[in-house]
Amino acid sequence: MKLYVGGYAQGKLKFVLQRIMQENGKQQESCMVWDGAIPDGELVKEAATQVDTMSQSKTIIFNNFHQWIKNCIQQGGCPEKEIMGLLERYPDCIIISDEIGNGIVPMDAFEREYRERTGRILVELAKQAEEVERVICGIGQRIK
Amino acid sequence: MMILIMGGSGSGKSAYAEEYLVRLARGSRKYYLATMQVFDKEGQTKIERHRRLRAGKEFVTIEQPTDILEALEKMEEQSALLECMSNLVANEMFSEKEPKRAEEVSEKIVQEINLLRNGLKHLVIVTNNVFEDGNVYDETTMEYIQALGSINEKMAVMADTVIEVVVGIPLTIKEGK
């Protein structure tokens, strides 16, 4: 798994797509971009059995990962657990998340919880990632 | 020696700062200067989490929500971790009925930190990155952001090393000699 973090509108997805094309000579068609949500049914499939060949051959890019965390918490889910299940199924995926913790602590309790939990999930993902990159102004800065 | 460690919320800055001080102190006495005041259950939970993080690292905790220099009298000339500057600034600014001006708060804290640094072998300070959400807040909050920003700037000049923690990964902003 590779992790990309950075502020809003920093060109993270574009950077990732360009890199994939340059590095592996792969076409954009070989990627599957999830935008802030996990497609229906992905989590209920057994990790060990019947990984369908189509999604297996494609690189999963989980864009707007922070939005998924937010929705997940709002719906009473446990993003910490769910993302680990997903990593078992897609160990080679790419996760892109906004950096949302660099601001004034919000008045709203949910907003505080969301920021805090997102931060901690990203710390855990960074520990497990093969690569971590921060994207600023469309430029990647390799930090792990 | 003074080390400044900065990060956003949930960035892993505290855990990193604690490890850093443990490394510096090498078994000598370590103090934890706690600036956070507890008003509710959420604050209590936060403090308990930090206590768990520190468990086994043998810190002597000193509660010092304001007037940070007073902590110096309570310590031997050893190593201390101040956590965190964002709370200290808020406590100083809003300790009386009327909020104090940014310059006043900044001047007081910077002066005290300077003396604290001179009185200790190692001082590690945790501070918060509250500057990148692009929001415009009410006047008082903007004043607070100004104060913390100016204090961070001045502390960075005083510090031997400045580190930003991003998703738990330390990035060097200012390299120690």
Side-chain angles (χ1 to χ4, degrees), chain A residues 1-10 12 62 65-66 69-70 73 79-80 83 94-137 139-144, chain B residues 6-17 19 36-37 39-43 45-46 49-50 52-53 84-87 89-90 93-94 126-149 152 163-173:
Chain A
M1 179 261 295
K2 294 176 182 153
L3 178 66
Y4 290 80
V5 295
Y8 179 71
Q10 293 303 301
K12 298 186 287 297
F62 197 162
F65 177 67
H66 60 288
I69 297 179
K70 191 171 196 174
I73 299 174
E80 291 83 356
I83 187 60
I94 293 171
I95 295 174
I96 306 176
S97 176
D98 275 13
E99 171 69 80
I100 58 160
N102 295 341
I104 286 289
V105 177
M107 297 286 277
D108 181 71
F110 172 76
E111 288 295 326
R112 280 201 298 278
E113 182 188 346
Y114 158 54
R115 276 172 22 128
E116 188 80 20
R117 281 174 80 172
T118 301
R120 307 224 174 276
I121 290 170
L122 293 179
V123 170
E124 187 50 41
L125 290 180
K127 268 188 209 154
Q128 296 189 22
E130 301 139 40
E131 282 177 28
V132 181
E133 199 140 353
R134 169 155 82 156
V135 181
I136 299 171
C137 310
I139 297 168
Q141 194 183 19
R142 178 86 176 258
I143 61 177
K144 179 181 172 182
Chain B
M6 180 176 182
S9 75
S11 63
K13 60 187 184 303
S14 302
Y16 180 76
E19 281 164 29
M36 189 182 164
Q37 288 171 301
F39 300 109
D40 56 11
K41 196 164 162 275
E42 189 179 329
T45 311
K46 217 170 177 130
R49 192 186 152 268
H50 279 250
R52 276 200 305 279
L53 269 176
C84 77
M85 187 48 75
S86 54
N87 283 320
V89 173
M93 202 157 191
F94 307 117
V126 175
T127 190
N128 210 317
N129 181 353
V130 301
F131 311 102
E132 296 173 5
D133 62 13
N135 292 344
V136 177
Y137 296 94
D138 59 281
E139 202 189 328
T140 316
T141 308
M142 294 314 275
E143 192 81 6
Y144 167 79
I145 298 174
Q146 285 285 348
L148 186 59
N152 280 353
I163 289 163
E164 180 187 8
V165 181
V166 179
V167 294
I169 299 167
L171 305 178
T172 306
I173 305 289

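A note on names: the letters A, B, ... follow the listed sequences, proteins ahead of strands, and every chain is numbered from 1. When reading the values below, keep in mind they use all heavy atoms of this one structure, side chains included, and skip hydrogens, waters and symmetry mates.
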| query | Can you tell me if OH on B/Tyr137 sees more than 12 non-hydrogen neighbours from other groups inside 6.0 Å? | reply | yes

| query | Which bit of A/Glu99 comes within less than 4.5 Å of chain B, counting heavy atoms only: side chain, backbone, both or neither? | reply | side chain

| remark: Of the listed A/Val132, A/Leu125, A/Ile104, the one with the largest count of heavy-atom pairs under 4.5 Å with chain B is A/Ile104

| Charged N to carboxylate O below 4.0 Å: is that the case for A/Arg120 and A/Glu116? | yes

| In terms of the angle between their ring planes, are A/Phe110 and A/Tyr114 parallel, tilted or perpendicular, with boundaries placed at 30° and 60°? | parallel

| message | Using only atom types and a distance under 3.5 Å, with no angle test, would you say the side chain of A/Lys144 pairs donor to acceptor with the backbone of A/Lys127? | response | yes

| query | Highest number of heavy-atom pairs under 4.5 Å with chain A: which of B/Gly12, B/Gly168, B/Ser9? | reply | B/Ser9

| field | Region of A/Val105 that comes under 4.5 Å of a non-hydrogen atom in chain B | value | neither

| field | pair A/Val135-A/Ile96: side-chain heavy atoms closer than 4.5 Å | value | no

| query | Which region of B/Leu148, side chain (C-beta onward) or backbone (N, CA, C, O), has a non-hydrogen atom less than 4.5 Å from a non-hydrogen atom of chain A, or is it both or neither? | reply | neither

| task | Measure distances from A/Arg117 to the heavy atoms of chain B and classify the residue's part below 4.5 Å as side chain, backbone, both or neither. | result | neither

| task | Under 4.5 Å heavy-atom distance to chain A, tell me which part of B/Ser86 shows up: side chain, backbone, both or neither. | result | neither

| query | Checking heavy atoms, do the side chain of B/Lys13, its backbone, both or neither come under 4.5 Å from chain A? | reply | neither

| field | Over 12 non-hydrogen atoms of neighbours within 6.0 angstrom of CD in B/Gln146 | value | no

| Contact part of A/Arg134 toward chain B, heavy-atom cut-off under 4.5 Å: side chain, backbone, both or neither? | side chain

| request: Side-chain contact test, heavy atoms from C-beta onward, threshold under 4.5 Å: evaluate it for A/Asp98 versus A/Gln10 and give yes or no. | output: no

